[in-house]
Amino acid sequence: MSWTSLLDRSYVPYSGEPKACLVEGSSGKIYAGVRIENISYPLTIPAVQAACAICLSEKDTPAKIYVQNRELEQLAFWTVEFHMKVVETDEPPVVDREDLQMNPSSTFSAIDELKSLLNQAVTTNSDFPVSALLFTENGYFEGVNVEVSDWTQGICAERVAIAKAYAHGDTEFTKMEIHTRKGEFSSPCGACRQVIVELLPYHDVVLHHADGTLSEHITVDLLPFSFKSSALNKKK
Ligand code: THU
């Protein structure tokens with residue numbers, strides 16, 4: 001894969017400046033990450049955070065990062081956190097597509113999948129695992145929450161699933177399903193709602209609660225009066 005084809009998977013309507021990187025886990029598997037902007041700029045998912053969190057969500061450990069140049073947000077933090085080697089190259093390695101899971105059969109049970117996925121959450125600080133399935137026309141992407149030493153650089157399960165889908169260039173979203181084992185009501189946080197409403201505006205969200213019940217919602221209903229502004233021009 002070339003940098004150009006990976007960069008094209010970024011979602012950068014505000015800056016018009018795509019960013020991408022590839023992280024090699026200690027298993028040898030390669031994970032892509034692309035920049036996913038948000039109308040609320042601080043909620044943007046940087047390419048480095050995306051790739052590292054995807055790697056960690058697969059129970060792998062970031063060992064090496066391939067970049068075209070060093071102009072990437074959070075590169076310093078993640079490099080130090082995992083003692084990653086930074087490789088600047090014009091010829092990126094090939095990405096594995098294994099984490100794009102196809103819906104296997106009609107016997108597929110989202111809740112069974114979500115429950116077993118909780119074991120992949122990296123919850124060093126909170127001990128509060130969250131799992132998410134993001135469905136597209138082609139299959140689904142799995143996400144779990146990932147925590148690191150700096151709480152502000154961790155990422156929620158919902159956004160890891162979104163990061164995976166973008167990194168694979170598969171963004172014909174249909175619905176999202178979310179689960180937490182603890183707490184009364186499985187509910188995406190405000191930051192995730194802002195991201196979800198921008199990327200899946202009128203889609204179904206199924207919340208699987210800890211007591212075994214579920215509730216179904218339309219994404220826009222989860223965030224009334226969400227931040228949008230026609231004054232914020234898109235560059236792309
Ligand atoms: N968390 C999620 O993964 N999704 C949400 O919508 C709410 C919060 C995670 C983030 C952190 O790892 C832990 O739950 C506690 O905030």
Side-chain angles (χ1 to χ4, degrees), residues 31 33 36-40 42-46 48-62 74 77-78 81-82 99 101 110-135 140-167 173 175-201 203-211 213-227:
Y31 306 89
I36 304 165
E37 293 182 349
N38 188 270
I39 189 160
S40 175
L43 299 182
T44 292
I45 305 169
V48 174
Q49 183 193 38
C52 291
I54 291 167
C55 172
L56 289 159
S57 78
E58 301 272 318
K59 288 248 172 255
D60 207 348
T61 310
Q74 297 190 358
F77 169 77
W78 290 91
E81 182 85 348
F82 292 99
D99 53 350
Q101 315 243 332
I111 186 59
D112 289 348
E113 199 68 25
L114 285 161
K115 277 185 180 163
S116 67
L117 192 55
L118 287 179
N119 300 320
Q120 285 174 222
V122 183
T123 56
T124 335
N125 306 305
S126 70
D127 192 26
F128 186 83
V130 182
S131 54
L133 299 178
L134 175 56
F135 292 80
Y140 65 88
F141 293 89
E142 301 174 336
V144 290
N145 49 333
V146 171
E147 297 172 6
V148 284
S149 67
D150 178 344
W151 288 23
T152 67
Q153 317 240 3
I155 182 166
C156 295
E158 297 87 332
R159 283 180 270 169
V160 170
I162 288 171
K164 272 190 190 174
Y166 272 90
F173 301 131
K175 66 170 174 175
M176 190 180 258
E177 305 213 18
I178 303 164
H179 177 53
T180 51
R181 184 165 55 213
K182 298 177 179 174
E184 299 74 46
F185 198 84
S186 292
S187 171
C189 72
C192 282
R193 290 176 193 220
Q194 183 76 48
V195 173
I196 289 169
V197 92
E198 179 163 343
L199 303 174
L200 293 90
H203 297 65
D204 292 326
V205 182
V206 184
L207 304 178
H208 296 265
H209 310 300
D211 65 1
T213 62
L214 62 80
S215 54
E216 295 187 55
H217 312 263
I218 304 293
T219 52
V220 282
D221 294 339
L222 291 180
L223 194 61
F225 306 105
S226 70
F227 174 63

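We count ligands from 1, going down the list as the structure has it; atoms in each ligand are counted the same way.
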Salt-bridge present (E113, K115; N to O < 4.0 Å) =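 The answer is no: the pair does not qualify as a salt bridge.
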Mark yes or no for whether H209, through its side chain, and F185, through its backbone, hold a donor-acceptor pair below 3.5 Å.
->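 No, H209 side chain to F185 backbone: no donor-acceptor pair under 3.5 Å.
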Nitrogen or oxygen atoms of A157 and ligand 1 under 3.5 Å apart |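 So ligand 1 has an N or O lying under 3.5 Å from an N or O of A157.
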Need the ligand 1 atom indices (1-based, order shown) with element for anything under 4.0 Å from a heavy-atom of [X].
{"X": "P188", "result": "6 (O)"}
{"X": "E147", "result": "11 (C), 12 (O), 13 (C)"}
{"X": "C189", "result": "5 (C), 6 (O), 7 (C)"}

Within-cutoff protein neighbour (heavy atom, under 4.0 Å) for atom 6 (O) of ligand 1 =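 Under 4.0 Å from atom 6 (O) of ligand 1, at least one protein heavy atom found.
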Quick one: nearest non-hydrogen protein atom to [atom], plus distance?
{"atom": "atom 4 (N) of ligand 1", "value": "E158 OE1, 2.9 Å"}
{"atom": "atom 8 (C) of ligand 1", "value": "C156 SG, 3.9 Å"}
{"atom": "atom 9 (C) of ligand 1", "value": "N145 ND2, 3.4 Å"}

Interatomic distance, I162 atom CD1 to L200 atom CG [nearest 0.5 angstrom] |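 Between I162 CD1 and L200 CG, I get 6.0 Å after rounding to 0.5 Å.
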Judged by modelled atom types alone, do Q153 and Q49 share a side-chain donor-acceptor pair under 3.5 Å?
->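 Side chains of Q153 and Q49: no pair found under 3.5 Å.
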Indicate whether the side chain of S40 and that of N38 have a donor and an acceptor atom separated by less than 3.5 Å.
-> no
Please table the atom pairs, donor to acceptor, closer than 3.5 Å between any side-chain atom in residues 189-197 and protein atoms at least two apart or in another chain.
from : atom 1 : to   : atom 2 : distance (Å)
R193 : NE     : P188 : O      : 2.7
R193 : NH1    : L222 : O      : 2.9
R193 : NH2    : S187 : OG     : 2.5
R193 : NH2    : P188 : O      : 3.2
Q194 : OE1    : F227 : N      : 3.4
Q194 : NE2    : F227 : O      : 3.0

Listed by chain and number, what are the side chain to side chain donor-acceptor pair (under 3.5 Å) partners of K182, not counting sequence neighbours?
->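 With sequence neighbours excluded, K182 shows a side chain to side chain donor-acceptor pair (under 3.5 Å) to D127, given in chain and number order.
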Can you tell me if G154 has a non-hydrogen atom under 4.0 Å from ligand 1?
->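 No; G154 lies far enough from ligand 1 that no heavy-atom distance drops under 4.0 Å.
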